[in-house]
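Every value quoted in this text rests on a predicted model; they were computed, and no experiment measured them.
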Amino acid sequence: MSIVKINALTVPAEQREVLEQRFASRAGTVESSDGFEWFELLRPVEGTDQYLVYTRWRSEEDFQAWMEGPMKAAHQGGGGAAGGAGGEGGERPKPAASGSSVWSFEVVQQAAPKKA
């Protein structure tokens, strides 16, 4: 079964639009990464200021390969959704999130809608 990684990003209200725009304009390399299965950016509706970045992977090894390759390169270059998309004159823009925590899960059960 797959593994799930959830990055809980603490995002102040004034930075929500910035975070969402950065994710919308991300390079998209995760979608072509070996072992990648799913991505969702979840906006909080009430009771929290945490966005959840949900990704599902075929294995922990596939996730780690993405972390050490495309994700690391994007963030070191000033890109990346939470860190920004690069700034003028080589400056990195201010991060949209004020905090981050990654949660890891193994998928032990799953279900899809029944076909009509």
Check: Does a sphere of radius 6.0 Å around CD in Gln110 hold more than 12 heavy atoms from other residues, nucleotides or ligands, not counting ones at 6.0 Å or beyond?
Finding: no
Notebook entry, point to check: What distance do Ser25 atom OG and Glu20 atom CD have between them, rounded to the nearest 0.5 Å?
Noted result: 12.0 Å
Checklist line | Distance in Å, Glu68 CD paired with Phe63 CZ, rounded so as to fall on 0.5 Å steps | finding: 10.0 Å
Notebook entry, point to check: Quick one: do the Thr10 and Asp49 side chains pair a donor with an acceptor below 3.5 Å?
Noted result: no
Check: If you group Ile, Leu, Val, Met, Phe, Trp and Tyr by side-chain heavy-atom gaps below 4.5 Å, do Ile6 and Leu41 land in one group?
Finding: no
Margin query: If you apply the rule ring pair (Phe, Tyr, Trp, His ring centres under 6.0 Å), what do you find for Phe36 with Trp57, and how did you get there?
Written below: CA-CA 5 Å; Phe36 170 79; Trp57 299 85; 5.5 Å; yes
Notebook entry, point to check: Can you tell me if Gln64 and Trp66 form a side-chain donor-acceptor pair at under 3.5 Å?
Noted result: no
Check: Does Lys5 pair with Glu60 as a salt bridge, N-O distance under 4.0 Å?
Finding: yes
Margin query: Rounded to the nearest 0.5 Å, what separates atom CG in Leu9 from atom OH in Tyr51?
Written below: 10.0 Å
Note to self: For Ala96 versus Pro12, what's the shortest heavy-atom pair and its separation?
What the structure shows: O-CD, 3.6 Å
Next item on the list: Might you point out which heavy atoms bring Arg16 and Pro44 nearest each other, and give the distance in Å?
Entry: NH2-CG, 3.0 Å
Notebook entry, point to check: Under 4.5 Å between side-chain heavy atoms, hopping through other hydrophobics if needed: is there a path connecting Val4 to Leu42?
Noted result: yes
Check: Which word best sums up how the rings of Trp103 and Phe105 line up, parallel for under 30°, tilted for 30 to 60°, or perpendicular for over 60°?
Finding: perpendicular
Checklist line | Minimal non-hydrogen separation, Gln50 against Ala8, with atom names | finding: NE2-CB, 3.9 Å
Check: Are Val11 and Tyr54 connected in the hydrophobic side-chain network, where two residues link if heavy atoms are under 4.5 Å apart?
Finding: no
Checklist line | Thr55 OG1 to Glu31 CD distance, which is reported to the nearest 0.5 Å | finding: 11.0 Å
Item checked: Spacing of OG belonging to Ser2 relative to CD belonging to Glu106, to within rounding of 0.5 Å -> 10.5 Å
Notebook entry, point to check: Looking at Glu37 and Arg58, does any basic side-chain N land under 4.0 Å from a carboxylate oxygen?
Noted result: no
Notebook entry, point to check: CE/Met1 to OG/Ser59 distance, rounded to the nearest 0.5 angstrom?
Noted result: 15.0 Å
Margin query: Taking Leu52 as the starting point, is it possible to reach Val18 by hopping between hydrophobic residues whose side chains are less than 4.5 Å apart?
Written below: no
